[in-house]
Peer 1: 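Below is the structure I would like to discuss, written out as structure tokens.
So that the names make sense, note that chain A is the first sequence line, chain B the second, and so on, each numbered from 1.
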Protein chains: 2
Amino acid sequence: MEIKSVVTALAALAQESRLAIFRLLVQAGPEGLSAGKISEALGIPPSSLSFHMKELAHADLVSSRQESRYVIYSANFRTMNELLGFLTENCCGGKPCKPTATSDCAGIEETQA
Amino acid sequence: MEIKSVVTALAALAQESRLAIFRLLVQAGPEGLSAGKISEALGIPPSSLSFHMKELAHADLVSSRQESRYVIYSANFRTMNELLGFLTENCCGGKPCKPTATSDCAGIEETQA
DNA sequence: CTTATATTTCTATAATATTTGAATCATGGA
DNA sequence: TCCATGATTCAAATATTATAGAAATATAAG
């Protein structure tokens with residue numbers, strides 16, 4: 001994954017509303033959710049939601065498909081996985097961290113200044 | 001890890017200079033690097049660097065220690081690991097993704113719209 | 001064709017972030 | 001003390017991002 005893409009993806013997720021949107025879409029799975037449902041579920045006005053969806057789509061973290069008069073958004077797991085791959089490579093100096101066991105990287109860690 | 005912390009950490013890394021700084025510090029390991037070394041290595045003016053280091057420190061992604069007249073920065077692997085843990089939980093609907101094998105999440109993934 | 005519904009685009013405003021030179025502060029040595 | 005070095009803070013300009021109502025667009029149904 002290219003640095004630019006990494007920064008774009010991180011920026012897309014580095015915002016409370018968008019992180020919430022993405023989490024919701026991950027929960028929803030491949031079927032996804034309509035813009036309206038997301039808007040309602042998170043209490044984000046439609047125009048604001050549209051703005052955020054554009055950010056997420058630009059980062060390739062979500063895809064959209066038209067279904068009758070609804071626009072359905074779904075999470076792009078592949079991109080998220082690539083992002084996690086990049087971050088893992090760049091944590092622990094390349095050694096893979098098992099994210100479930102929060103102790104893997106801790107070995108290299110200093111006692112904190 | 002709390003949502004606010006996650007957003008703060010993501011925002012800290014969602015900037016080209018800061019991502020480069022963090023990667024450099026990960027490479028450097030627990031010994032860390034002085035502000036001057038980072039500044040020189042990445043071609044970032046001291047005052048700009050200071051600004052970025054404050055962001056990273058605020059996100060608890062780096063620590064600093066004074067060493068004679070140098071300020072030495074080092075990566076906080078623990079925080080990075082916690083961040084990865086959170087993101088992993090929120091990708092693939094809770095199922096841990098092996099970040100080295102970029103195919104783990106792909107099973108759930110749709111064919112992209 | 002008209003109306004209702006879903007979503008996006010437009011527009012303006014407000015809030016945050018970034019960049020850096022200059023000034024300031026801190027530490028160590030002559 | 002005085003000077004040199006390393007780093008941070010200040011200040012001011014610039015750029016980017018976020019918010020949300022109103023208008024426009026798209027689809028479907030009567």
Peer 1: Taking DNA chain C as the partner, which of residues 2-16 of chain A come within under 4.0 angstrom of it by heavy atom?
Peer 2: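 Residues of residues 2-16 of chain A under 4.0 Å from DNA chain C: none.
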Peer 1: I'd like to check the side-chain contact (heavy atoms from CB on, under 4.5 Å) partners of S50(B); sequence neighbours left out, ordered by chain and number.
Peer 2: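 S50(B): no side-chain contact (heavy atoms from CB on, under 4.5 Å) contacts found.
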Peer 1: Looking at L10(B) and L13(A), what are the two nearest heavy atoms and their distance?
Peer 2: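 Answer, listing the atom of L10(B) first, then L13(A): CD1-O, 3.5 Å.
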Peer 1: What is the distance, rounded to the nearest whole Å, between atom CZ of R65(A) and atom C1' of dT27(D)?
Peer 2: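 After rounding, the reported distance stands at 17 Å.
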Peer 1: Compare side-chain N and O positions of R18(A) against OP1 and OP2 of dT17(D) and report whether any pair is under 4.0 Å apart.
Peer 2: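 So the side chain of R18(A) is outside the cut-off, no N or O lying under 4.0 Å from OP1 or OP2 of dT17(D).
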Peer 1: Side chain to side chain donor-acceptor pair (under 3.5 Å) with E67(A): which residues, sequence neighbours excluded?
Peer 2: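 Result, side chain to side chain donor-acceptor pair (under 3.5 Å) vs E67(A): R65(A).
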Peer 1: If you look only at pairs with a residue in residues 16-25 of chain A, which of them pass as a side chain to side chain donor-acceptor pair (under 3.5 Å), with sequence neighbours excluded?
Peer 2: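 Matches after skipping sequence neighbours: R18(A)-H52(A), R23(A)-N90(B).
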Peer 1: What integer distance in Å separates I44(A):CD1 from dT19(D):P?
Peer 2: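 The distance from CD1 of I44(A) to P of dT19(D) comes to 8 Å, rounded to the nearest Å.
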Peer 1: With a strict under 4.0 Å distance from non-hydrogen atoms of chain B, what nucleotide opens and what nucleotide closes the contacted stretch of DNA chain C, reading 5' to 3'?
Peer 2: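 Taking any atom under 4.0 Å from a heavy atom of chain B, the span is dT18(C) to dG28(C).
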Peer 1: Mind jotting down which residue pairs meet the salt bridge (charged side-chain N to carboxylate O under 4.0 Å, His left out) criterion with at least one end in residues 26-50 of chain B? Sequence neighbours excluded, please.
Peer 2: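 For residues 26-50 of chain B: none.
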Peer 1: Between atom CD1 of I44(A) and atom OG of S39(A), what is the distance when rounded to the nearest 0.5 Å?
Peer 2: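 If I round to the nearest 0.5 Å, the distance is 7.0 Å.
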Peer 1: Which residue, F51(B) or Q66(A), contacts DNA chain D at a nucleotide closer to its 5' end, judged by nearest heavy atom?
Peer 2: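 Of the two residues, F51(B) wins.
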Peer 1: Tell me every residue that passes side-chain contact (heavy atoms from CB on, under 4.5 Å) with V71(B), counting only those two or more places apart in sequence or in another chain.
Peer 2: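 With neighbours one apart ignored, the set is S64(B), Q66(B), Y73(B).
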Peer 1: How does protein contact run along nucleotides 1-8 of chain D, one letter per nucleotide 5' to 3', with B for base contact, S for sugar-phosphate only, - for none, heavy atoms under 4.0 Å?
Peer 2: ---BBSSB
Peer 1: Let me know, please, whether E67(B) or H52(B) comes out on the 5' side of the other along DNA chain C by nearest nucleotide.
Peer 2: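 The 5'-side residue here is H52(B).
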Peer 1: If you group Ile, Leu, Val, Met, Phe, Trp and Tyr whenever their side-chain heavy atoms sit less than 4.5 Å apart, what else falls in with Y70(A)?
Peer 2: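 Y70(A) shares its hydrophobic cluster with I72(A).
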Peer 1: Please name all residues satisfying side-chain contact (heavy atoms from CB on, under 4.5 Å) with A59(A), sequence neighbours left out, ordered by chain then number.
Peer 2: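 Residues passing side-chain contact (heavy atoms from CB on, under 4.5 Å) with A59(A): T8(A), A12(A), L61(A).
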Peer 1: Sequence neighbours left out, what pairs pass salt bridge (charged side-chain N to carboxylate O under 4.0 Å, His left out) with at least one residue falling in residues 41-59 of chain B?
Peer 2: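 Residue pairs passing salt bridge (charged side-chain N to carboxylate O under 4.0 Å, His left out), neighbours aside: none found.
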Peer 1: Please identify each residue that fulfils side-chain contact (heavy atoms from CB on, under 4.5 Å) with S47(B), with sequence neighbours left out.
Peer 2: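 side-chain contact (heavy atoms from CB on, under 4.5 Å) check on S47(B) returns nothing, list empty.
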